[in-house]
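In what follows, chains carry the letters A, B, and so on, assigned in the order in which the sequence lines appear, proteins first and then strands, with residues in each chain numbered from 1. Since the model is a prediction, treat every value here as computed from it, not as a measurement.
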Number of protein chains: 2
Amino acid sequence: MKSAASQAARSATLQSIAEASGVHRSTAARALDPAQAHRISPEVVEKVRAEAQRQGYRRDVIAASLRTGRSRLVGVVLPDLANPVFAPILDGVGAALAEAGYSMLVADGGADPARQTAIVEELIARRVDGLVLATARRSDPVLTVCLDAGVPTVLVNRAEDEARAATVASDDFCGMRLAVEHLAGLGHRRIGHLAGPEGLSTGILRRRGFEAAMLAAGLDPSASAVARAYNRTEGQAATAALLDASPGLTAIAASNDLLALGAYLELKRRGLSCPGNLSIVGHNDMPLVDMIDPPLTTVRIAHAEMGQAAAQLLLEKLADPAAEATVKLMPAELVLRGSTREPGRGRH
Amino acid sequence: MKSAASQAARSATLQSIAEASGVHRSTAARALDPAQAHRISPEVVEKVRAEAQRQGYRRDVIAASLRTGRSRLVGVVLPDLANPVFAPILDGVGAALAEAGYSMLVADGGADPARQTAIVEELIARRVDGLVLATARRSDPVLTVCLDAGVPTVLVNRAEDEARAATVASDDFCGMRLAVEHLAGLGHRRIGHLAGPEGLSTGILRRRGFEAAMLAAGLDPSASAVARAYNRTEGQAATAALLDASPGLTAIAASNDLLALGAYLELKRRGLSCPGNLSIVGHNDMPLVDMIDPPLTTVRIAHAEMGQAAAQLLLEKLADPAAEATVKLMPAELVLRGSTREPGRGRH
DNA sequence: ATTGGTTATGCAATCGATCGCACTATAAGC
DNA sequence: GCTTATAGTGCGATCGATTGCATAACCAAT
């Protein structure tokens, strides 16, 4: 019985349903399509549906794709799955897409635009209806490929300078301002910045946010070091450079939690304490940074919601390809924890 | 020029290549297929390839899928993308698949078998060549669906009691034994266990490993509490229950890092210190647990490698569908950090 | 009774690649 | 010189759903 059913499931085709119901394929197709069923008499619709049920029929998505040119498939390109920031984004994208009946082709494109392009071309060859890129550089060659190919594309987390595509990102500029205002409010005067890669919007916008906020507070924004990638190693190296170049800093505003954790490592190596000697603010509020030592004060980004919003934007674009490329900034929020305090109280 | 090229790319079809090269579609197809090109004269092969290059031809994967029944697509079902354990696994799977020219359809199936089944059926309808399930319960109804449908499937991270499918998991039994031996070696006698869900292999095997190791050390293995899911909240609740039911414990072996972190929270709530009052060992070595306070001693699982190995197993199965269902256990390794020490030294 | 307008359904082309089969030369064998 | 391989290509069916167009049936209105 069981195996008979699955046997049927494997071979149930529109043709077989049609024959068993005594109607033509096309009639069966229309009866099974909710959007077209109204053109068919209720009795036939019922008969066909029952037969489809009985045979365990499932429309062949591949065949349908070939005919219609649509696949109900969305490609998602990530820069680094090992970075804890991207899992929640992916989760959000997937949830919103699933709800709309789309599936998700996921690929880790790394940091190399050439490889990302190859991946995107592969995805396009697979006839994805749309693309979500979490890899965008400030001027992104990969997006050019997508646009040239006419594939609806949205950017998430990282934006381009010029908004050529719909984008959902965090309000990086304001987020960093929150961090600086917090530190300045505590009384810090000499604050350094751990900047992210300059080719990424997150790197440059947070840096500009830092500079603007520092100037607004009447402080000198020149103490900064640039990390070439968002990871602890780079963060530690950049912190070392920063501390060497700018002695006397009492606080660091990092553009990323992983960089902030790198800073933790460097402080430890130098026998300095956080927040005793140096206050540190991160950015992203990655999972678990609330439990590290000391708990990281950081700027929270609602990653899952960001992913959902990006998928939503893509769905709108799919529904209306002529739509404008909207840019949505998610508000950032400062989360106070233990890595910041008033300056000058020395070692704890 | 640019737009002409992409224009062509959009409409370049086997037919158009064939016409432009003055050969039949099928000849062009064979010339472009490395595995068949030898049946065609070198000159024709060259001519066709050049023309394909010129027109920017890419084989239509959809049409090919329809004809051949193969899609070079693998479905991956995860239980919880928000759990940091699964991103590295996904990463590993994706890397190995990409190398072999496969793409990855990713879906978060949650903890509900019914939803997981729906997702798997969706994936099968999309004609995936194979499936990777990270969701398996000890007796998994979802796997039954896959097997009935005749889709090559491998399990990763979680195994079934009865090995109906190829599986790559960590050696959970031995891993937990390492944890207990470590604690016993430090002198702990009253050790409790935070067990994971009993329906999961990770939950039950680690529990059995705990019990076996305790008995081997001549200790009483009866102090334990079960968490219904792997997260901090459940970990905290289970810890509370464990401490209440078994006063006098000096150490806890948790079956999961998130549960261990829940234990941290509960200790903090009770004003107890780790490792001063209580030593804690986790399981998984999730990202960042090396930086929490105190750094978590835990059992490391090579998640990315596990994902890669699972994908590898699936690729073998795809190459030879008749192959045996092998089960591969990845060795577990104890990572010593700051959350464990000799008992009885009271508050730090 | 004829025309006009619906409604319900059938027909057949289409999407693009793949592959078994058949055919034609040319080469090899006797 | 005649058969038998064999390499190189072409032909056309096929995968399964979709959809514009055609047709048939039916009802109402003039």
Asker: More 5' along DNA chain C: Q36(B) or I62(B), using each one's nearest nucleotide?
Answerer: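 So the residue in question is I62(B).
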Asker: Does R126(B) come within less than 4.0 Å of E122(B), counting only side-chain N to carboxylate O?
Answerer: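 Result for this pair is yes, salt bridge flagged.
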Asker: Between A29(A) and A63(B), which is nearer to the 5' end of DNA chain D once each is assigned its nearest nucleotide?
Answerer: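 In this pair, the answer is A63(B).
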Asker: Find the distance D60(B):CG to dT14(C):P and express it as a whole number of Å.
Answerer: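 Computing the D60(B):CG to dT14(C):P distance gives 17 Å.
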Asker: With sequence neighbours left out, write down each residue that passes side chain to side chain contact (heavy atoms under 4.5 Å, CB included) with A169(B), or none if nothing qualifies.
Answerer: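 Side chain to side chain contact (heavy atoms under 4.5 Å, CB included) list for A169(B), sorted by chain: T167(B), L329(B).
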Asker: Any sub-3.5 Å donor-acceptor pair from D129(A)'s side-chain atoms to R72(A)'s backbone N or O?
Answerer: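 Pair found, side chain donor or acceptor close to backbone of R72(A).
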Asker: Considering residues at least two apart in sequence or located in another chain, which fulfil the side chain to side chain contact (heavy atoms under 4.5 Å, CB included) criterion with A96(B)?
Answerer: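 Listed in chain order: Q308(B), A311(B), Q312(B).
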Asker: Rounded off to whole Å, could you give me the CZ-to-P distance for the R126(B) and dC15(D) pair?
Answerer: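 Distance, rounded to whole Å: 22 Å.
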Asker: According to side chain to side chain contact (heavy atoms under 4.5 Å, CB included), who are the partners of L66(A), at least two apart in sequence or on a separate chain?
Answerer: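 I62(B), A63(B), L66(B).
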Asker: Can we say D161(B) and R138(B) salt-bridge, meaning some charged N sits less than 4.0 Å from an Asp/Glu carboxylate O?
Answerer: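 A salt bridge is present here (some side-chain N lies under 4.0 Å from a carboxylate O).
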Asker: From CG of D33(B) over to P of dA17(C), roughly how many Å is that when rounded to an integer?
Answerer: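 My rounded result for the distance is 13 Å.
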Asker: Please round to the nearest 0.5 Å and tell me the distance separating atom CD of E160(A) and atom CG of L155(A).
Answerer: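 If we round to the nearest 0.5 Å, E160(A):CD and L155(A):CG are 6.0 Å apart.
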Asker: For L32(A) and dA17(D), give me the distance from atom CG to atom P, rounded to whole Å.
Answerer: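 Distance check: L32(A) CG to dA17(D) P gives 9 Å.
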Asker: Can you measure R72(A) atom CZ to dA17(D) atom C1' for me and round it to whole angstrom units?
Answerer: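 To the nearest whole Å, that distance equals 15 Å.
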Asker: Quick one: L14(B) CG to dC15(C) P, roughly how many Å, whole number?
Answerer: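 So the CG-P distance, L14(B) to dC15(C), works out to 14 Å.
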Asker: Measure the distance from CG on L66(B) to P on dG16(D) and round it to the nearest whole Å.
Answerer: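 Distance, rounded to whole Å: 7 Å.
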Asker: Between dG16(C), dA17(C), dC19(C), which nucleotide gets closest to the side-chain atoms of Y57(B)?
Answerer: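 Closest nucleotide among those given: dA17(C).
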Asker: Who pairs with D91(A) by side-chain hydrogen bond (donor to acceptor under 3.5 Å, both in side chains), at least two apart in sequence or on another chain?
Answerer: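 If we apply the side-chain hydrogen bond (donor to acceptor under 3.5 Å, both in side chains) test to D91(A), skipping adjacent residues, there are no hits.
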Asker: Can you name the atoms? Protein N/O to nucleotides 6-13 of chain D N/O, anything below 3.5 Å, with the distance.
Answerer:
unit_1  : atom_1 : unit_2 : atom_2 : d
dT9(D)  : OP1    : S41(B) : OG     : 2.7
dT9(D)  : OP2    : S41(B) : N      : 3.0
dT9(D)  : OP2    : S41(B) : OG     : 3.3
dG10(D) : OP2    : H24(B) : N      : 2.9
dG10(D) : OP2    : T27(B) : OG1    : 2.5
dG10(D) : N7     : R30(B) : NH2    : 3.3
dG10(D) : O6     : R30(B) : NH2    : 3.1
dC11(D) : N4     : S26(B) : OG     : 3.1
dA13(D) : N6     : R25(B) : NH2    : 3.3

Asker: For residues G307(B) and V93(B), report the shortest heavy-atom separation together with the two atoms involved.
Answerer: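 Between these two residues, the closest heavy atoms are O-CG2, 3.4 Å.
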Asker: Would you say dA17(C) has OP1 or OP2 under 4.0 Å from some side-chain N or O of T13(B)?
Answerer: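 For T13(B), the contact criterion (side-chain N or O under 4.0 Å from OP1 or OP2 of dA17(C)) is met.
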Asker: Could you list, one pair per line, each protein nitrogen or oxygen that sits under 3.5 Å from a nitrogen or oxygen of nucleotides 24-28 of chain C, together with the distance?
Answerer:
none

